[in-house]
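The structure appears below as structure tokens.
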Amino acid sequence: MMETDMPKQTLREWLLTDTPTSRRHARYAAAYSGWLTLRANTMAMVGLGILLLLLIIAALADLLSPMDPFVQNLGGRLQPIGTDGHILGTDSLGRDLLSRVIYGSRITLYIVALVALIAPIVGLLVGTVAGYTGGIVDAVLMRITDIFLAFPRLVLALAFVAALGAGIENAVLAISLTAWPPYARIARAETLTIRNSDYIAAIKLQGAGALRIITKHIWPLCISSLIVRVTLDMAGVILAAAGLGFLGLGAQPPSPEWGAMISEGRKFILDHWWVATVPGLAIFTVSLGFNLLGDGLRDVLDPKEGGHS
Amino acid sequence: MASVENNGNGRRRSPLSSPAVVLTFKTLGSIIITMLGLAFITFVIGRVMPIDPVLSIVGEQASKSTYDDAYAALGLDKPIIVQFFYYIWDVLHGDFGTSLLTARPVVDDLIRRFPATLELATLGTIMGVTLGVPLGVLAAVNKGSWFDQIARVVALIGYSMPIFWLGLMGLLVFYGILGWVGGPGRVDIFYADIVPSVTGMILLDSILDGNWDVFWNAMSHIILPATILGYYSLAYISRMTRSFMLEQMSAEYITTARVKGLPERTVIWGHAFKNILVQLITVIALSYANLLEGSVLTEIIFSWPGIGSYITTALLSADMNAVLGGTIVVGLVFVLLNIFSDLLYRVFDPRAK
């Protein structure tokens with residue numbers, strides 16, 4: 001499989017070559033072999049499948065949901081699972097549970113996406129600056145990180161939401177504020193190992209400034225370990241968001257947020273069990289999906305096999 | 001994990017500073033700094049609250065002068081940094097203010113409620129450890145087998161389940177349908193307040209009093225929430241145990257032991273397991289701390305009169321003193337457990353120095 005000059009070879013061969021011809025080629029090849037490892041991991045693929053399904057459901061919510069998730073029908077309240085027209089039954093205001101769960105997937109995705117953007121970026125900034133600068137800046141930043149890390153996350157998020165006021169954006173903010181410290185630690189650790197390597201010294205000699213070194217040469221190397229951590233954390237984010245919703249501090253009532261739906265169903269749990277069960281299963285499925293995928297990704301991207309910190 | 005990490009700059013080596021002394025000072029320093037940080041965060045949260053603390057004392061109808069007096073009495077006219085020191089001073093004296101909801105000092109409420117949370121988290125941890133450790137060891141020993149796969153799935157499900165929902169489902173099945181366990185609350189209403197409160201933990205109190213009726217009733221109430229918390233700690237502990245054990249099992253001394261002809265059981269439990277004990281204890285301490293926090297939602301579901309439900313009810317009625325007091329206490333316990341586990345690791349594992 002040596003000679004790589006002719007376009008005779010298949011795409012697969014081109015991707016699996018040992019002698020990449022360009023940087024882009026090497027990058028694709030690395031991604032492809034990572035994908036092959038991931039594909040061999042059944043559980044990770046199940047996780048990926050669940051998440052793709054979630055994306056599709058959220059995107060096509062208007063088409064998929066049989067009814068308007070907000071329309072009330074007091075005559076048909078608390079219909080059990082399997083009722084005509086309401087496959088998953090209805091809640092205490094007669095709203096179709098299936099439609100509400102489908103629309104709830106959008107809220108979940110919204111929260112997850114925002115937290116997955118905010119927390120790692122904050123962590124990356126803090127961690128790389130601390131690691132690269134060293135000295136007092138490092139000590140102060142890491143001390144702050146430690147303080148946040150020492151705080152119980154859910155309780156801190158609760159206190160933040162109490163101060164900011166209930167609502168979905170504030171829940172996102174509160175969760176992000178409690179979620180960034182582990183990313184900062186990872187980014188700092190990576191930076192410390194990279195900082196003194198020869199290639200950094202080489203670009204320094206070429207006159208590159210700190211900003212360029214951090215953004216162009218340190219960040220790209222931090223990304224893969226951050227991605228693994230993000231995927232593993234997302235399940236926790238979903239659970240935290242659902243917990244806040246359940247306590248009435250996240251998304252507010254008419255919104256079909258899954259945690260808030262469980263909270264509504266809680267009052268009827270003994271007689272009308274499905275109202276709280278259905279959204280709970282949805283939360284469970286999605287966070288299981290993230291956990292499965294994260295577990296597999298860790299094997300692919302981060303072979304050191306660290307535990308949860 | 002937590003805190004005591006800057007041992008890279010321990011350059012000043014005076015003859016007096018033995019490692020133990022340095023370690024003690026570093027630990028103390030890190031506790032103090034972390035707690036100051038916690039206090040600062042709660043202080044800021046209390047500041048940005050949209051609720052006017054003066055109005056909640058004097059009421060809407062108060063005249064301007066009453067308002068100003070109360071304003072000054074609360075120290076709100078002082079610079080913010082001075083206010084922060086007042087706040088620290090109060091907290092150090094155990095003064096978290098008065099709860100709007102119960103009209104009692106927050107500290108009294110917390111002392112009354114803490115044992116309930118402690119009882120629940122302790123029982124949960126005991127369950128998590130007694131099941132999680134063997135599960136992890138067996139999974140590591142039989143790596144790749146069906147048992148390992150099942151252990152993995154059990155743990156993943158534990159990580160993925162919303163705890164409040166699992167609690168609801170447990171109530172539905174074991175209380176609502178099967179009737180095997182007591183419902184919400186710590187004891188049935190006619191068993192309440194029978195045994196004198198010594199420790200505040202009803203299981204212990206009823207044993208001390210020799211009142212077994214109360215004990216079994218309390219047991220039937222605590223068993224479900226404790227099992228649910230225990231499941232969470234099991235998920236974490238079994239995964240960590242497995243990865244620790246895998247590390248040991250591939251070490252050379254294990255091969256040596258096997259070559260010597262030791263029975264596999266001795267190799268696993270006598271050699272490998274012995275070597276993960278220190279790591280394991282730190283993990284257990286962490287999981288205990290997590291359970292104290294994880295009990296927030298569980299307590300709501302089971303109407304458990306602990307710190308978690310105290311904080312959340314206070315939150316919903318904007319009782320900020322209670323929220324901040326509760327947050328500080330939970331934070332303090334969390335920090336202490338973290339540091340304890342860190343310390344344990346350093347003391348017992350010579351490599352960590």
Q. Can you check side chain to side chain contact (heavy atoms under 4.5 Å, CB included) on A/Arg266 and B/Leu171, steps first, answer last?
A. CA-CA 11 Å; A/Arg266 184 188 167 200; B/Leu171 267 184; over 6 Å; no
Q. Is there a side chain to side chain contact (heavy atoms under 4.5 Å, CB included) between A/Leu247 and B/Ile300 once you walk through the steps?
A. CA-CA 9 Å; A/Leu247 293 174; B/Ile300 296 284; 4.0 Å; yes
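The most heavy-atom pairs under 4.5 Å with chain A, out of B/Gln149, B/Arg152, B/Met35, come from B/Arg152. Here B/Thr327 is the residue among B/Thr327, B/Leu337, B/Val323 with the most heavy-atom pairs under 4.5 Å with chain A. Interface remark: of the candidates A/Ile283, A/Thr277, A/Ile144, A/Thr277 forms the most heavy-atom pairs closer than 4.5 Å to chain B. Ranked by heavy-atom pairs under 4.5 Å with chain A, the first of B/Ile301, B/Leu166, B/Val153 is B/Ile301. Between chain B and the residues A/Ile269, A/Val286, A/Leu270, A/Asp138, the most heavy-atom pairs under 4.5 angstrom are made by A/Ile269.
The two residues B/Trp165 and A/Ile262 have their closest heavy-atom pair at CD1-CD1, 3.7 Å. Among all heavy-atom pairs drawn from B/Ile41 and A/Phe160, the shortest one is CG2-CZ, 4.4 Å. Nearest heavy atom pair, residue B/Pro162 against residue A/Gly280, reads CG-O, 4.3 Å. Here the closest heavy-atom approach between residue A/Asn291 and residue B/Tyr159 is recorded as ND2-CB, 3.4 Å.
Contacts between B/Tyr175 and chain A at a heavy-atom distance below 4.5 Å involve the side chain alone, from C-beta outward. In this structure, the portions of A/Leu281 lying under 4.5 Å from any heavy atom of chain B include both its backbone and its side chain. With a 4.5 angstrom heavy-atom cutoff, B/Met161 touches chain A via backbone and side-chain atoms both. Heavy atoms of A/Met142 lying under 4.5 Å from chain B are absent altogether. Neither the backbone nor the side chain of A/Phe290 comes within contact range of chain B; no heavy atoms are under 4.5 Å apart. For a residue to count as touching a neighbouring chain, one of its non-hydrogen atoms must lie under 4.5 Å from one of that chain's; by this rule B/Ile311 touches chain A with the side chain only.
Checked options A/Leu158, A/Leu156, A/Leu154, A/Val155; the residue passing with B/Val330 is A/Val155 (criterion: side-chain contact (heavy atoms from CB on, under 4.5 Å)).
Side-chain atoms of A/Trp273 do not come within 3.5 Å of backbone N or O of B/Leu172 as any donor-acceptor pair.
Here the CZ atom belonging to B/Phe40 is positioned 9.5 Å from the CD1 atom belonging to A/Ile147, to the nearest 0.5 angstrom. Separation of atoms CZ (A/Phe246) and OG1 (B/Thr312) is listed at 9.5 Å; rounding is to 0.5 Å.
Heavy-atom neighbours of B/Phe174 CZ from other residues, nucleotides or ligands within 6.0 Å: at or below the threshold of 12. The 12-atom threshold is exceeded at CZ of A/Phe284, counting heavy atoms of other residues, nucleotides or ligands nearer than 6.0 Å. Taking a 6.0 Å sphere around CG of B/Leu178, one finds it holds more than 12 heavy atoms contributed by other residues, nucleotides or ligands.
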